[in-house]
2 protein chains.
Amino acid sequence: MSKQELSIETVDGCCVPIMDAALDSTAAVEGATVFKALADPVRLRLMSIIASAGAEICVCDITPQFDVSGPTISHHLKVLREAGLVDCERRGTWVYYWPLPERLTWLSTLLSVPTPATT
Amino acid sequence: MSKQELSIETVDGCCVPIMDAALDSTAAVEGATVFKALADPVRLRLMSIIASAGAEICVCDITPQFDVSGPTISHHLKVLREAGLVDCERRGTWVYYWPLPERLTWLSTLLSVPTPATT
DNA sequence: GCGCTGTCTAGACGTTCATCTAATCAAGCA
DNA sequence: TGCTTGATTAGATGAACGTCTAGACAGCGC
């Protein structure tokens with residue numbers, strides 16, 4: 001269950017803040033893919049719930065917090081998984097998810113403002 | 001030309017890193033709107049070009065760097081503008097754009113990993 | 001005024017996305 | 001084995017999105 005389709009290695013070339021240097025087309029495509037994973041209210045809240053849980057969290061504890069159906073949650077979790085933002089493991093009847101902080105760190109670095117020296 | 005539709009004030013409630021606390025629905029909607037603005041390769045590259053320019057940059061210097069039409073660039077710039085990521089001003093014949101780093105800082109904070117203490 | 005250049009707006013069109021229901025798969029238990 | 005619960009996959013549908021062409025607007029120079 002560890003199928004990440006975007007590895008951090010493939011995009012290490014754009015780990016420079018965008019205020020430092022412009023991204024090339026390839027980096028932009030890969031970066032946009034990750035942002036797209038967070039560009040939905042349900043997924044962004046899913047990500048924050050999983051990330052702030054402090055430990056792995058069961059799908060059965062996540063689904064009741066949303067107004068959408070189970071399959072929809074499952075779909076969104078898959079998108080987050082394919083973006084390399086979370087990973088999961090089935091343990092018995094339940095499936096547990098946890099965050100992959102490296103990806104968050106990478107995004108945070110990409111968007112960071114190095115020197116806020118206002119002119 | 002300073003119509004930001006999302007002010008930073010309206011979303012200050014979610015300036016806590018998502019690893020610290022889960023977002024509520026409202027914050028998730030507003031956050032997702034900003035991420036959506038960066039969730040397209042053209043817009044992400046636009047943002048990086050404007051942000052890394054060091055100063056304001058003319059649309060006429062931006063458009064030639066892309067393979068899409070002028071109106072398409074104009075459309076994407078409008079999305080970035082409405083997300084509060086850039087602002088612009090017409091000066092004579094040309095229109096100049098510059099980044100609004102506060103928004104980038106806000107996103108970066110949202111995604112930051114407070115204590116990378118790996119278990 | 002008139003034409004030229006740069007940019008944006010309007011509308012159309014094809015694609016992608018979010019969501020649902022129904023069906024399937026996985027695991028536990030009587 | 002068969003039933004029950006939890007989660008995912010498959011397929012369909014309506015909305016949103018990215019792009020284009022055509023047209024409009026703003027400013028400059030003759």
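Computation of the quantities below employed the complete heavy-atom set of this structure, encompassing side-chain atoms and omitting hydrogens, waters and symmetry-equivalent molecules. All chains are named by letter (A, B, ...) in the order of the sequence lines, taking the proteins before the strands, and each is independently numbered beginning at 1. This structure is a prediction, so every number in the text was calculated from the model and none was measured.
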Output the rounded distance in Å from [atom1] ([X]) to [atom2] ([N]).
X       : N      : atom1 : atom2 : answer
B:Glu82 : C:dT9  : CD    : C1'   : 13 Å
B:Asp40 : C:dT16 : CG    : C1'   : 12 Å
A:Ile73 : D:dT9  : CD1   : P     : 15 Å
A:Arg90 : C:dG28 : CZ    : C1'   : 11 Å
B:Arg91 : C:dT7  : CZ    : P     : 13 Å
B:Glu89 : D:dG27 : CD    : P     : 12 Å
A:Leu46 : C:dT19 : CG    : P     : 10 Å
A:Lys78 : D:dA10 : NZ    : C1'   : 10 Å

Considering only [options], which nucleotide approaches the side chain of [X] most closely?
X       : options              : result
B:Arg81 : D:dT19, D:dT8, C:dC8 : C:dC8
B:Ser74 : D:dT19, D:dT8, C:dT9 : C:dT9
A:Trp94 : C:dC8, D:dG6, D:dT8  : D:dG6

Do you know the tightest heavy-atom contact between B:Leu44 and A:Ala32? CD2-N, 3.4 Å
Taking OP1 and OP2 of [N], is either one under 4.0 Å from a side-chain nitrogen or oxygen of [X]?
X       : N      : answer
A:Thr72 : C:dT19 : no
B:His76 : D:dT19 : yes
A:Tyr96 : D:dG6  : no
A:Ser69 : C:dC20 : yes
A:Thr93 : D:dG6  : no

Atom pair [atom1]/[atom2] of [X] and [Y] - distance to nearest 0.5 Å:
X        : Y       : atom1 : atom2 : value
B:Thr33  : B:Leu38 : OG1   : CG    : 11.5 Å
B:Gln65  : A:Ser25 : CD    : OG    : 9.5 Å
B:Leu77  : B:Arg43 : CG    : CZ    : 10.5 Å
B:Leu110 : B:Phe35 : CG    : CZ    : 5.0 Å

Need one value for B:Gly70: base, sugar-phosphate or nothing, where a base atom within 4.0 Å counts as base even if backbone is also close, heavy atoms only. nothing
Pick the nucleotide of DNA chain C nearest each of B:Cys60 and A:Ala39; which residue has the one closer to the 5' end? B:Cys60
